[in-house]
Amino acid sequence: MKKDLMASVFDNFSYDLVHIDSKTGARAGILHTPHGDIETPIFMPVGTNSTVKLVTNHHLYETGAQIILGNSYHLYLRAGHKLIEKFGGIHGWMNWNKPVLTDSGGFQVFSLAHLRKISEEGVEFRDPKDGKKHFISPEISMEIQQSIGADIIMAFDWCAPYPCDYKTAKEAMERTHRWLERCIKAKTSKHQALFPICQGAFYDDLRKESAAFVSSIDAAGYAIGGLSVGEDKETMNHFVELTAPLLPHNKPRYLMGVGTPEDLLDGIKRGVDMFDCVLPTRNARHGSFFTYEGKKQIKNAQYQEDFRPLDENCDCYCCNNHTRAYLRHLYKCNEGTGQALMSIHNIKFLIDFAKKARQAILSDSFEDFYNEHYTRVIS
RNA sequence: GCGCCUGUCGUCAAGCGGUUAAGACCUCGGAUUGUGGUUCCGAUAUGCAUGGGUUCGAAUCCCAUCAGGCGCC
């Protein structure tokens, strides 16, 4: 049976594929959105509760962030999407004038597994804070995300766990597809782009089927979901390599929830354009920081009298102003300023890393860039 | 000077004759991937102020010494 071509309606979005690296297939492009252009490959900082934890907008702009994430599930619980709508959507609410992407809450179906019940209709959640029950369906997720008003909104999907038996993986994928059709029908706003999400867990045939399904929909961009959920890197790379080329070439591809500097290299190499991850901010809160020589832990004794910046090749606010010894002191004293400064560093590190990768692609030398950095950047 | 009390990891401590000498903090190391996390995991005292003694067996009982606290001259 031939499926009718569906369209996720959107205005003011387009993607220019500027250059493809001749040796690797890595892509450089520009995604145009109502709140500005996004140069890809891009790393997008995560700001679940309409703030990138510990980082002010002022510093966030300074990192060169071109787009940030919010989470519709968490914003629905607090502060409430209707309240945010009254402030002109998330841009007015948090006073951020660049693009925003909201996740649908689909991932919380996976990450808060013990607090939910899934049915064909949708998912019953329990508020982790007060235990109160809530119900989110594809339609409700669209309603929430339209009120929040991000530029890019995500389909409400079912991210299967890892490991996952074939039957469950297939069920999750098929339901994700049905939910995608419901999302498309429920979405009415034209100033937002809805990204479908490819699922299929860790089965080649399911991944191929899902990639074909989402590609049959006319959308402004496409996401690869359900990866980086506990599998090893080799496995993840295999499924990115399998999936990415099956998605429309003239649209951006977003690998959800990834990742580390080495994951960015691996993803870009396989044709991924967009990444997001909580790691830079979470790691910063826990004291570890990215450098071009690998990840390090600021609380280690070796930094007690280290007068260097976190990374000598970084020009973030933190590296321009403070030493490792000072930052270590702040962590030892449990001063939140240290975490805030290191969050700025880690975010800028990944944003710059993606930007450098982009330059390498534009000069058709991404393979050299990959080889130069891959082993160094791994801890 | 006399009397009483106390001495267990860097710190605070459990232990009251048979324990692999708890636990907490600190210190040290490691995790973290569409954020329920300033979170989670792991390591660290062959030794209980020192020296003797009693006992099959002592951080635990006895004696001496040293150190600290309190009280009285």
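Predicted model, so just to flag it, every value in this text is computed and none were measured. Sequence lines set the chain letters: A, B, ... in the order given, protein chains first and strands last, and positions in each chain run from 1.
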Side-chain donor-acceptor contact under 3.5 Å, A:T24 with A:D21: yes

Between B:G7 and B:A14 - C1' atom distance, rounded Å: 16 Å

Under-4.0 Å side-chain N/O to phosphate OP1/OP2 contact, A:N300 with B:C28: no

Counting side-chain heavy atoms from CB outward, which of B:U32, B:U35, B:G36 is closest to A:P128? B:G36

Counting the atoms with a prime plus P, OP1 and OP2 as sugar-phosphate, which does A:G226 contact under 4.0 Å by heavy atoms, base, sugar-phosphate, or nothing? base

Touch check for A:Q145, heavy atoms < 4.0 angstrom, all strands: base, sugar-phosphate only, or nothing? nothing

Between B:U27 and A:K332, is there an OP1 or OP2 to side-chain N/O distance shorter than 4.0 Å? yes

How far does the P atom of B:C5 sit from the matching atom of B:G47, given to the nearest Å? 30 Å

Would you say A:D364 and A:H19 are linked by a side-chain donor-acceptor pair, where the criterion is simply a distance under 3.5 Å? yes

Just by distance, with hydrogens left out, do A:S363 and A:Q359 show a side-chain donor and acceptor under 3.5 Å apart? no

Can you tell me if A:K296 touches the phosphate of B:G29, counting only side-chain N or O atoms and a distance under 4.0 Å to OP1 or OP2? no

Hey, does A:L255 reach any base, or is it just sugar-phosphate, or nothing, if we go heavy atoms under 4.0 Å? nothing

Can the ring centroids of A:Y166 and A:Y203 be said to lie less than 6.0 angstrom from one another? yes

Give me the distance, rounded to whole Å, that separates B:G18 from B:C62 when you measure between the P atoms they each carry. 16 Å

Tell me whether the side-chain N/O atoms of A:Q108 come closer than 4.0 Å to OP1 or OP2 in B:U35. yes

Ignoring backbone atoms, establish whether A:N49 has a side-chain N or O less than 4.0 Å from OP1 or OP2 of B:U35. no

Gap in Å between the two P atoms, one belonging to B:C73 and one to B:G57, rounded: 47 Å

Which nucleotide in B:G36, B:U38, B:U33 has an atom nearest any side-chain atom of A:Q339: B:U38

Exceeds 12 heavy-atom contacts within 6.0 angstrom, atom NZ of A:K233: yes

Should B:U54 form a Watson-Crick or G-U wobble pair with both distances under 3.5 Å, which nucleotide is its partner? none

Pick base, sugar-phosphate or nothing for A:D276, based on heavy-atom distances below 4.0 Å to the nucleic acid. sugar-phosphate

Searching all strands shown, indicate the nucleotide that pairs with B:A67 (Watson-Crick or G-U wobble; both distances under 3.5 Å). B:U6

So, is A:S111 near the phosphate of B:G36, with a side-chain N or O under 4.0 Å from OP1 or OP2? yes

Counting Watson-Crick and G-U wobble pairs only, both distances under 3.5 Å, name the nucleotide matched with B:G47, or none. none

From the list B:U32, B:G34, B:U35, which nucleotide is the closest neighbour of the side chain of A:T281? B:U35

Just to be sure I understand the rule, does A:L227 reach a base, reach only the sugar-phosphate, or reach nothing, if contact means heavy atoms closer than 4.0 Å? nothing

Would you indicate, yes or no, if B:C28 has its OP1 or OP2 atom less than 4.0 angstrom from a side-chain nitrogen or oxygen of A:R328? yes

Closest non-hydrogen atoms of A:A360 and A:F369, given as atom of the first, atom of the second and distance, are CB-CB, 3.6 Å

How far does the P atom of B:A59 sit from the matching atom of B:U54, given to the nearest Å? 16 Å

Would the base of B:U33 count as contacting A:K233 through its side chain, where contact means a donor and an acceptor less than 3.5 Å apart? yes

Quote, to the nearest angstrom, the C1' distance that separates B:G68 from B:A49. 11 Å

Gap in Å between the two C1' atoms, one belonging to B:U8 and one to B:C16, rounded: 13 Å

Over all strands shown, is A:G259 touching base, sugar-phosphate only, or nothing at heavy-atom distances under 4.0 angstrom? base

Identify which nucleotide among B:U32, B:U33, B:G34 has an atom closest to any side-chain atom of A:M256, counting heavy atoms from C-beta outward. B:G34

Please classify the nucleic acid contact of A:K53 as base, sugar-phosphate, or nothing, using heavy-atom distances under 4.0 Å. base

Side chain of A:H114, base of B:G36: donor and acceptor closer than 3.5 Å? yes

Distance check: side-chain N/O of A:T48 vs OP1/OP2 of B:U35, anything under 4.0 Å? yes

So, for A:N346 and A:P280, which heavy atoms are closest and what is the spacing to 0.1 Å? ND2-O, 3.0 Å

Classify the side chain of A:N71 and the base of B:G34 as holding, or not holding, a donor-acceptor pair under 3.5 Å. no

Suppose we define a pair by two distances each less than 3.5 Å, Watson-Crick or G-U wobble; what does B:A31 pair with here? B:U39

Length of the line joining A:H134:NE2 and B:G36:P, which is rounded to integer Å: 15 Å

Any strand is fair game: report the nucleotide pairing with B:C72 by Watson-Crick or G-U wobble, both distances under 3.5 Å, or none. B:G1

Value in whole Å for how far the C1' atom of B:G34 lies from OH of A:Y162: 19 Å

Would you please confirm or rule out a distance under 4.0 Å between OP1 or OP2 of B:A31 and any side-chain N or O of A:K295? yes

In terms of side-chain heavy atoms, does A:Q108 have a donor or acceptor partner in A:N71 at a distance below 3.5 Å? yes

Side chain of A:H286 only, heavy atoms from C-beta on: which candidate in B:U33, B:G34, B:A31 is closest? B:A31

Is A:H74 close enough to B:G36 that one of its side-chain N or O atoms is under 4.0 Å from OP1 or OP2 there? yes

Nucleotide paired to B:U60 in any strand shown, Watson-Crick or G-U, under 3.5 Å: none

Taking only the C1' atom of each, what is the distance from B:C9 to B:C25 in whole angstrom? 12 Å

